[in-house]
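The structure presented is a predicted model; accordingly, all values stated were derived computationally and were not measured. Hydrogens, waters and symmetry mates play no part in the numbers below; they use all other heavy atoms, side chains included.
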Amino acid sequence: MKSLKLISSAITMLICFVTFAQEKTITGIVTDNVNVPLPGVTVTVKKTTKTALTDFDGKYSIQAQTGDVLVFSYIGMKTQNISVKKSNVINVKMADESNHLEEVIVVGYGTASEYEDNSYRSEKRKMATKSVSQSVQRRTLIAPSVQNSSQYISGSTIAIRGTQSISSKNEPIYIVDGVAIKADQMAQINPNDIQDVKVLKDKNSTSIYGNKGANGVVVIATKTEMYKNLSEKELSDKLKPSNIIQPTEPNNEDYDAFVENAFESPKTAPLSTFSIDVDNASYTNVRRFINNGQAVPKDAVRVEEMVNFFKYTYPQPQDQNPFSINTEVSESPWNAKNRVLKIGLQGKNIPTNDLPASNLVFLIDVSGSMSDPNKLPLLKQSLKILVNELRNKDKVAIVVYAGAAGLVLAPTSGDEKKTIVDALENLNAGGSTAGGAGIELAYKIAAENFIKNGNNRVILATDGDFNVGSTSNSDMEKLIEEKRKSGVFLTCLGYGMGNYKDSKMETLADKGNGNYAYIDNIQEANRFLGKEFKGSMFAIAKDVKIQIEFNPKQVQAYRLIGYENRKLRPEDFKNDAIDAGELGSNHTVTALYEIIPARVTSDYLNQQPDALKYTTVPESTNNYAGELATVKFRYKKPDGDKSIEMVKVIENKSVSLEKSSDDFKFSTAVAWFGLKLRDSKLITNKSSEDILKLAKQGITNDSEGYKAEFIRLIESAKQVY
């Protein structure tokens, strides 16, 4: 009986192996009956959940086995079922479903039901009922879409596919509120002002506009008919780029709400515990808003990420530990009676040649929301910078996701840079966003190619708009926490604006042994992925936690500035199962505490309760008068499971703000500006001039010019704040 079970198991395994071996990648192009590529066609493997969508060029890719049936479906077209045979390429021509819209009559100004009262319709104008592809824009495409974007489309080219061009430019006519405009003027129209867009082509356009409409006509109606009856000069003046007012708020961006840390008494809350945060996405996102002349959403401001965008001159560690600990106490620049404690960590700088081999998986969002110039095109250029840093012993795989997830490039050596770059260049945006499926596949590839004692990392590049599969942050959190156990680290790169989902990006990075950067331009890509490649991509310590105990004899109250989303319970400090932040090679991390010294009257203190019977502790003969606080750190080695503890006593010594270090001045100026942007109720002085003055005093060691740029941001923000 036992032998029969073994034989049965062997047969089952053999069947599974054969089945797996038959699976292959099927690709092809889907077109309509006049050979125009069809985007958004759903391709499904029959009787399975495998699905893919065609991109803007009608291309698709899906995993299937010989004998499977592929189902091609599209609104207005006949569904086709095609069996998979020996060939790996299946091109499909879709046929019109002629009885779908039989009662639609096409008129020169759009489409109308046969039963509508069209009094202007004469016998000469009347057209026969036509099928979908013949009458309703013949698969007309406008790229990029102007309906669902908050950005202007300056610099973009619109072409109506399927037209017979009479010029090399193949450019349509643009009509806005009944007035003809030029292409560059059309690009200046705010999409938020648009009520409706219609595209006319073939006889629909030439019947009204003659040969000028041979390349199609784009008819735009604004919500208030703001361009109606304008003269050519008035229209020209109104559509000058300088006269276009940018929207003041993001369209559909998503940020986690949080309440800033309040002051706490060391008598009632003796321990403050938190995870380090090496992310700096908030600063670059804030920079984007200010540079665009927009108000910064309050919850987009995470003060610790603004402070940690900048590098400070902390000394390298001199012992076996991977980072040095540095502290400084001085006056609070925003509350005169208070003090600020600065805690700085400096990661050990490991020479590039000594860094472990990398196993990287690029997980790239190629969904339709990534088509904007500041998304997928910028993403490609960004990752080229990273590819340039790779060594021969490193390897890269590329996974993409849209309607489905797929492997675009198998693990490839770092010396084959052209192969990797070519794979990036061939990516196009289109389809929905199956983020969960993409994460599953990327971690699977990373695990299959895992390098022991190496740098195993998934690099997710997206606008964070996961709207298919695991959509909620809690679902994503559970998924990424499970994947973290594989020993694979995570880097999140955020792109775009308008529908940017910061909350999801932060969740993924926080829960996945990861870091997170927002790439607002190619200069930021060069900084994070080029100049700071080692710190961004190579962890020297993980699960780094900080716990500080303030001396109640010296400290009446304290508050941690920022790190609201990184706070931990006191008991989490020694619990090695609790996740925390990672520290990269040569990375710096800075944390600031505001302190209300003992015997200082403050409006920010809540009334303290009277001494309680069971919690009153007799005073020790040693009151540690010379100590302000004791700070402890715990960390694990990148491949370790057991944490290591470090302890440092902070002396009760404070210097004047004037005599504090340049690092202290600049870091507190950055925090001060962040608190002002958040409209903090815990700062007295909100003067932009005073923030500028302090920042300028601390602007040293600025060879890259980032600190000078920060000063310009403060000056620009004065127009809004």
Side-chain angles (χ1 to χ4, degrees), residues 256-266 268-283 299 301-309 312 314 322-323 325-329 340-347 477 481 506-507 509-516 539 541-550 555 557-584 587-595 628-636 643-648 650 667-668 670-671 674-675 678 680 682:
D256 274 340
F258 61 90
V259 178
E260 71 173 323
N261 294 324
F263 281 103
E264 298 184 88
S265 167
T268 55
L271 297 173
S272 173
T273 310
F274 64 99
S275 160
I276 68 164
D277 188 354
V278 296
D279 300 340
N280 47 52
S282 180
Y283 177 78
D299 292 322
V301 181
R302 293 186 289 274
V303 176
E304 77 279 5
E305 293 187 20
M306 295 183 66
V307 171
N308 283 317
F309 176 85
Y312 305 102
Y314 304 139
F323 54 86
I325 303 167
N326 310 275
T327 61
E328 185 176 4
V329 182
V340 170
L341 164 65
K342 178 171 70 68
I343 302 172
L345 305 184
Q346 172 64 61
E477 186 174 323
E481 283 180 337
E506 188 186 14
T507 296
D510 288 356
K511 301 300 180 181
N513 268 348
N515 53 11
Y516 165 34
K542 69 178 181 181
D543 293 340
V544 182
K545 306 171 189 174
I546 300 177
Q547 186 172 79
I548 188 166
E549 179 185 1
F550 287 99
V555 177
Y558 66 87
R559 78 180 188 102
L560 177 60
I561 298 173
Y563 291 92
E564 284 85 359
N565 296 337
R566 298 284 186 148
K567 293 178 73 174
L568 300 172
R569 300 172 302 173
E571 59 267 31
D572 291 338
F573 183 66
K574 290 189 176 182
N575 185 350
D576 286 346
I578 300 298
D579 178 56
E582 64 171 16
L583 185 69
H587 231 139
T588 63
V589 177
T590 299
L592 302 173
Y593 277 92
E594 184 174 7
I595 296 167
L628 180 74
T630 297
V631 60
K632 297 178 181 179
F633 302 83
R634 291 187 83 89
Y635 71 90
K636 299 174 189 170
S643 62
I644 301 166
E645 186 169 298
M646 302 168 64
V647 181
K648 181 179 178 66
I650 303 172
S667 60
T668 52
V670 176
L675 293 170
R678 281 194 58 80
S680 171
L682 297 176

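- Nearest heavy-atom pair, Ser282 versus Glu305, reported as atom, atom and distance to 0.1 Å: N-OE1, 2.9 Å.
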Original post:
Yes or no on side-chain contact (heavy atoms from CB on, under 4.5 Å) for Asp299 and Arg678, after CA distance, side-chain angles and deciding distance?
Top reply: CA-CA 7 Å; Asp299 292 322; Arg678 281 194 58 80; 3.7 Å; yes
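- Residues Leu345 and Phe633 are in side-chain contact: their nearest non-hydrogen atoms beyond the backbone lie under 4.5 Å apart.
- Taking CD1 of Ile548 as the reference point, atom CD1 of Ile343 lies at 4.0 Å (rounded to 0.5 Å).
- Summarising the geometry of Phe309 relative to Asn280, their closest heavy-atom pair is CA-CB, 3.7 Å, with the distance given to 0.1 Å.
- The distance from atom CG of Asn308 to atom CG of Asn515, rounded to the nearest 0.5 Å, is 12.0 Å.
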Original post:
Does the side-chain contact (heavy atoms from CB on, under 4.5 Å) test come out yes or no for Glu594 and Phe263, once each step is laid out?
Top reply: CA-CA 8 Å; Glu594 184 174 7; Phe263 281 103; 3.6 Å; yes
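- When every heavy atom of Tyr593 is checked against every heavy atom of Ile561, the shortest pair comes out as C-CD1, 4.4 Å.
- Two residues are said to be in side-chain contact when any heavy atoms from C-beta on lie closer than 4.5 Å; Arg302 and Asp277 fail this criterion.
- One finds the NZ atom of Lys542 at 9.0 Å from the CG atom of Asp579 (value rounded to the nearest 0.5 Å).
- A heavy-atom distance below 4.5 Å is not found between the side chains of Lys574 and Gln547.
- Residues Gln346 and Tyr312 fail the side-chain proximity criterion, which asks for heavy atoms closer than 4.5 Å.
- Separation of atoms OH (Tyr314) and CD (Glu328) is listed at 8.5 Å; rounding is to 0.5 Å.
- Put simply, the side chain of Glu304 gets close to the backbone of Tyr563: a donor and an acceptor are under 3.5 Å apart.
- The CG atom of Asp572 sits 6.5 Å away from the NZ atom of Lys545 when rounded to the nearest 0.5 Å.
- Applying the side-chain hydrogen bond (donor to acceptor under 3.5 Å, both in side chains) test to Lys636 and every residue at least two apart in sequence or in another chain returns Asp543.
- Taking CG of Leu560 as the reference point, atom CD of Glu260 lies at 11.0 Å (rounded to 0.5 Å).
- Using a 4.5 Å cut-off on side-chain heavy atoms (C-beta onward), Lys342 and Ser667 make contact.
- Between Ala541 and Pro322, the shortest heavy-atom contact is CB-CG, 4.0 Å.
- Two residues are said to be in side-chain contact when any heavy atoms from C-beta on lie closer than 4.5 Å; Tyr558 and Leu628 fail this criterion.
- Smallest separation of non-hydrogen atoms from Ile276 and Arg566: O-NH1, 3.3 Å.
- Across Leu341, Thr630, Ile325, a single residue satisfies side-chain contact (heavy atoms from CB on, under 4.5 Å) together with Ile650, and that is Leu341.
- Inter-residue side-chain proximity for Phe550 and Glu264 is flagged as unmet; no heavy-atom pair is nearer than 4.5 Å.
- Of all the heavy atoms in Gly514 and Asp279, the pair that sits closest is O-OD1, 4.3 Å.
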